Asker: 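I'd like to ask some things about the structure below.
Chain A is the first sequence line, chain B the second, and so forth, proteins listed ahead of strands; every chain is numbered from 1. Since the structure is predicted, the reported quantities are computational estimates derived from the model, not experimental observations. Hydrogens, waters and symmetry mates play no part in the numbers below; they use all other heavy atoms, side chains included.
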2 protein chains.
Amino acid sequence: MEKKIKKSEWDITNCPVRTVLDRFGDKWSILVLLVLGEKQKLRFNEINKEVGSDISQKMLTVTLRKLEADGFIFRTIYPEIPPKVEYEITDLGKSLVPHVDNLTKWAVSNMPAIKRSRERFKK
Amino acid sequence: MEKKIKKSEWDITNCPVRTVLDRFGDKWSILVLLVLGEKQKLRFNEINKEVGSDISQKMLTVTLRKLEADGFIFRTIYPEIPPKVEYEITDLGKSLVPHVDNLTKWAVSNMPAIKRSRERFKK
DNA sequence: AACAATAGTTACCTTGAAGTTAGTTTAGAA
DNA sequence: TTCTAAACTAACTTCAAGGTAACTATTGTT
C-alpha cells in the first residue's frame, strides 16, 4: 500500500521539529543543558548532584557525549590522578536555553489546565 | 524569584521541563499538533496524509487520544456510516504552537552548526 | 596491603514506545 | 452477495532507551 508524500518539507530527515526532538526528547539532555546553563563550569560528579542524582553514571556519560557531539557543551580534561574533567556550555548551547525557558514558563502556567483536562478525560 | 534550584524541586513529578517533554518528546505529538494548528478542522485520514503518511493508524489514534486527554485538541463525532470524526485544535493547543515555532526557527538556523559539530566529533 | 578518589566503560537485563497485521462496525452500492 | 468506506481496536512482535552492577586506571593515603 503505497502512500505518496505530498510535501517534501515533511520528510523526516529534513523536518526541523523532528531534528530538535530527536536530540532533546530523551530523558536527560535538557536537564543537563539547563544545569550547565546556570553554572559556568562543572565537573562530572557536580553535574550528577545538580541533576538530582537519580541519573545513572552511564546515562550522564551518554548524555554529555551527545551534547558535546552537537556542540552544546565542551569538555576540558585535566591529565591528573584522580581524573578531572570540566564541562562548560557553549554559545550555541546558551542560545537554546531561553527557548527552553519559555517552554518551561508555558508549562508552569498551563499545567493546571492540562491536569484538569486529564481528570475530565478519565471519566 | 529564587534562581537556586533545590534538589526536591527537581523531583520528576514537579519538574516543568519534564512534564512538557513527557508529552511531546514522543514521535508524533508535536507534528500532529502543528498540522491541526495550521488547518481548522481535519478528519482522521486527512491528518494521516498531512503528517506525511508514515505514521501508522494505531499511532495516530494513540497520539490523538493523548492530545485530546491533555486538552490540546477536541473531537467531534458525527454518527454516520461510514464514521466521520473531525479534529480541531483548542485555545490551549493554539497557545503552545508559537513556542514550538520558535524552537523550530532556532533549529532551522542552527542545524548547520550542529551538523558541522557532529562531523567534527566523529573524527 | 588495602582503600579511596574520579570519571568513566562494559556486559547484561528490563521496559515501554512504536510498528504490523488483522478484525470490527454498518449502510449503501455493484 | 460481496465489496467498500472511515475510524478505529486488539493481539502480537520488535527495538532501542534506559537501568544495574561490576570493573578499569592511577596515585596518594591509612
Asker: Side chain of A:Arg65 only, heavy atoms from C-beta on: which candidate in D:dG18, C:dT6, C:dG8 is closest?
Answerer: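 Of the candidates, C:dG8 comes closest.
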Asker: Let me know the distance between CZ of A:Phe24 and P of D:dA17, rounded to the nearest Å.
Answerer: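 Checked: the CZ to P distance equals 16 Å.
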Asker: Below the 4.0 Å mark, does C:dG8 have OP1 or OP2 next to a side-chain nitrogen or oxygen of A:Arg43?
Answerer: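 Indeed not, no polar side-chain atom of A:Arg43 lies that close.
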Asker: Closest-nucleotide mapping onto DNA chain C: is A:Thr61 or A:Pro82 further toward the 5' terminus? I mean the 5' end.
Answerer: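 Result of the comparison: A:Pro82.
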Asker: Between D:dA7, D:dG19, C:dT9, spot the one nearest the side chain of B:Gln57, thanks.
Answerer: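 For B:Gln57, the side-chain atoms sit closest to D:dA7.
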Asker: Of the listed nucleotides (D:dA6, C:dT9, D:dC8), which one gets closest to any side-chain atom of B:Asn45?
Answerer: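 When the side chain of B:Asn45 is considered, D:dA6 is the closest of D:dA6, C:dT9, D:dC8.
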Asker: So, for A:Leu92 and A:Asp70, which heavy atoms are closest and what is the spacing to 0.1 Å?
Answerer: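 For A:Leu92 versus A:Asp70, the nearest heavy atoms are CD2-O, 3.6 Å.
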Asker: Would you indicate which nucleotide in D:dA5, C:dG19, D:dG19 comes nearest to any side-chain atom of B:Met59?
Answerer: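 Per side-chain heavy atoms of B:Met59, the pick is C:dG19.
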Asker: Should B:Tyr87 be listed as having a side-chain N or O under 4.0 Å from OP1 or OP2 of D:dA6?
Answerer: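 Indeed not, no polar side-chain atom of B:Tyr87 lies that close.
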Asker: Would you indicate which nucleotide in D:dA6, C:dA22, D:dG19 comes nearest to any side-chain atom of B:Pro83?
Answerer: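 In terms of side-chain proximity for B:Pro83, the closest of D:dA6, C:dA22, D:dG19 is D:dA6.
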Asker: Is the ring centre of B:Phe72 less than 6.0 Å from the ring centre of B:Tyr87?
Answerer: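 Judged by ring-centre distance (under 6.0 Å), B:Phe72 and B:Tyr87 do not meet the cut-off.
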Asker: For B:Leu31 and C:dA17, give me the distance from atom CG to atom C1', rounded to whole Å.
Answerer: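 To the nearest whole Å, that distance equals 17 Å.
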Asker: Assuming nearest nucleotide by heavy-atom distance, tell me which of A:Lys58 and A:Ile81 is located more 5' along DNA chain D.
Answerer: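 The residue closer to the strand's 5' end, by nearest nucleotide, is A:Lys58.
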Asker: Any idea which heavy atoms bring A:Leu33 and A:Leu67 closest together, and the distance?
Answerer: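 Residues A:Leu33 and A:Leu67, closest heavy atoms: N-CD1, 4.3 Å.
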Asker: Starting at CG of A:Leu21 and ending at P of C:dA17, how long is that distance when rounded to a whole Å?
Answerer: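 Result: 16 Å.
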Asker: Please say whether more than 12 non-hydrogen atoms of neighbouring residues, nucleotides or ligands are located less than 6.0 Å from CD in A:Gln40.
Answerer: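 It does not: A:Gln40 CD has 12 such atoms or fewer within range.
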